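Working notes, structure below.
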There are 2 protein chains.
Amino acid sequence: MQRYMTLLKEHNIKITPQRLAIVKLMDEQGHISVRDIFERIKENFPSLSLATVYKNINAMIESDFIKELKIVGLDNKYELIKEKHSHLVCQECGDIEDIFIDTTSLTKSVSKESGFKVADTTVQFFGTCKKCAA
Amino acid sequence: MQRYMTLLKEHNIKITPQRLAIVKLMDEQGHISVRDIFERIKENFPSLSLATVYKNINAMIESDFIKELKIVGLDNKYELIKEKHSHLVCQECGDIEDIFIDTTSLTKSVSKESGFKVADTTVQFFGTCKKCAA
DNA sequence: CTGGGTGCAAAGTATTTGCATGAAC
DNA sequence: GTTCATGCAAATACTTTGCACCCAG
């Protein structure tokens with residue numbers, strides 16, 4: 001838990017039990033929706049309000065602490081900001097995995113070809129995960 | 001207009017004035033939100049209902065005629081299905097441009113590396129467009 | 001003529017906001 | 001003690017649904 005307190009402090013986010021629970025869950029799950037955060041935390045913290053979850057999520061996005069993922073076919077998900085990566089989205093089970101691939105050459109060729117100044121790149125792969133293929 | 005009638009027929013979507021207007025607008029704009037479709041068409045077609053727009057959008061997605069785009073920071077957008085491409089999203093003006101880049105090597109390396117069977121790939125570049133950079 | 005589309009109103013879901021109370025520093 | 005977070009309720013936004021009527025094929 002100390003780890004999550006440190007993480008929050010580093011981003012100038014005031015520590016509360018609600019926030020610690022959100023960060024912990026997000027770290028454990030990798031990618032999680034507002035609804036799932038609310039329901040999972042409410043189990044051990046019945047007074048939790050959905051509004052609090054939304055407010056905290058928005059505050060954490062604002063502080064560049066977490067990131068919103070929009071994925072066709074799924075609810076919005078949120079994840080801790082970490083090393084740059086892409087996502088594998090299984091269309092069978094809805095699971096999301098991180099994958100580390102190099103997109104720098106892609107980004108460079110786009111800048112060169114189009115005159116568009118790229119600041120960030122999002123890559124999502126849709127298909128069937130190992131488990132579901134078996 | 002004949003062109004849009006043919007397009008709809010090819011996808012087994014019954015032709016109505018509302019649907020023709022939606023397809024035309026989408027073709028002209030490239031990427032458009034539900035709200036914008038509704039407001040733009042309503043100008044020349046005051047009886048149009050928002051529910052009709054939603055129903056038609058969903059029917060067209062179902063028929064693989066249009067595609068939903070989810071982009072962080074923007075409302076969902078819809079576009080006609082056409083040659084595979086990626087998107088340049090300008091964070092200044094919110095404009096979206098298409099760009100044709102080859103993602104096959106990317107996709108192959110993912111399959112090989114992870115055992116995930118890739119069916120489709122989505123790539124979005126965020127940054128500053130030529131106009132806004134000037 | 002007949003099936004499916006339209007528009008309306010209502011319901012359902014998602015998200016934000018205002019405010020009084022309470023907790024963190 | 002002061003500032004800011006929480007929880008609640010209400011407001012707003014987004015999307016879907018049921019149904020009566022109407023139009024395209």
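In the text below, chain A, chain B and the rest are named by the order of the sequence lines, each starting its count at 1. Computed from a prediction, not measured in an experiment: that's the story for all the values here.
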| note | B/Gln18 atom CD is separated from C/dT6 atom P, nearest whole Å, by 5 Å
| said: Strictly under 4.0 angstrom, non-hydrogen atoms only: write out the protein contact profile of nucleotides 18-25 of chain C, one letter per nucleotide from the 5' end, B, S or -. | reply: B-----SS
| query | When you measure from the side chain of B/Thr103 to the backbone N and O of B/Leu106, does any donor-acceptor pair fall under 3.5 Å? | reply | no
| Got a sec: does the NZ of B/Lys82 have more than 12 other heavy atoms crowding it under 6.0 Å? | yes
| note | Atom CD1 of B/Ile22 and atom P of C/dT6 are separated, to the nearest Å, by 8 Å
| said: Rounding to an integer number of Å, can you tell me how far B/Arg19 CZ sits from D/dC23 P? | reply: 15 Å
| task | Would you kindly give the CG-to-P distance between B/Asn56 and C/dG4, to the nearest whole Å? | result | 15 Å
| Approximate separation, where rounding is to 0.5 Å, of A/His87 NE2 and A/Ile96 CD1 | 6.5 Å
| message | Counting the atoms with a prime plus P, OP1 and OP2 as sugar-phosphate, which does B/Thr52 contact under 4.0 Å by heavy atoms, base, sugar-phosphate, or nothing? | response | base
| Interatomic distance where CG belongs to B/Leu8 and P belongs to C/dG5 [whole Å] | 12 Å
| Point-to-point distance, once rounded to the nearest 0.5 Å, from NZ of B/Lys24 to CZ of B/Arg3 | 10.5 Å
| message | Once rounded to the nearest 0.5 Å, what's the spacing between atom CD1 of B/Ile99 and atom CG of B/Leu88? | response | 4.5 Å
| Length of the line joining B/Ile61:CD1 and D/dT16:C1', which is rounded to integer Å | 14 Å
| said: From CD of A/Glu62 over to P of D/dA5, roughly how many Å is that when rounded to an integer? | reply: 13 Å
| field | Donor-acceptor contact below 3.5 Å, side chain B/Asp36 vs main chain B/Ile32 | value | no
| query | Out of curiosity, B/Ser86 OG to B/Gln124 CD, how far, rounded to the nearest 0.5 Å? | reply | 9.0 Å
| message | I'd like to know if the side chain of A/Lys84 and the backbone of A/Thr121 have a donor-acceptor N/O pair within less than 3.5 Å. | response | yes
| said: For the backbone of A/Leu74 and the side chain of B/Lys70, can you confirm whether one donor and one acceptor N or O come within less than 3.5 Å of each other? | reply: yes
| task | Treat primed atoms plus P, OP1 and OP2 as sugar-phosphate and everything else as base, then score nucleotides 10-15 of chain C 5' to 3': B for base contact with protein heavy atoms under 4.0 Å, S for sugar-phosphate contact only, - for none. | result | ----SB
| said: For D/dC8 and A/Ser49 - does any side-chain N or O of the residue sit under 4.0 Å from the phosphate oxygens OP1/OP2? | reply: no
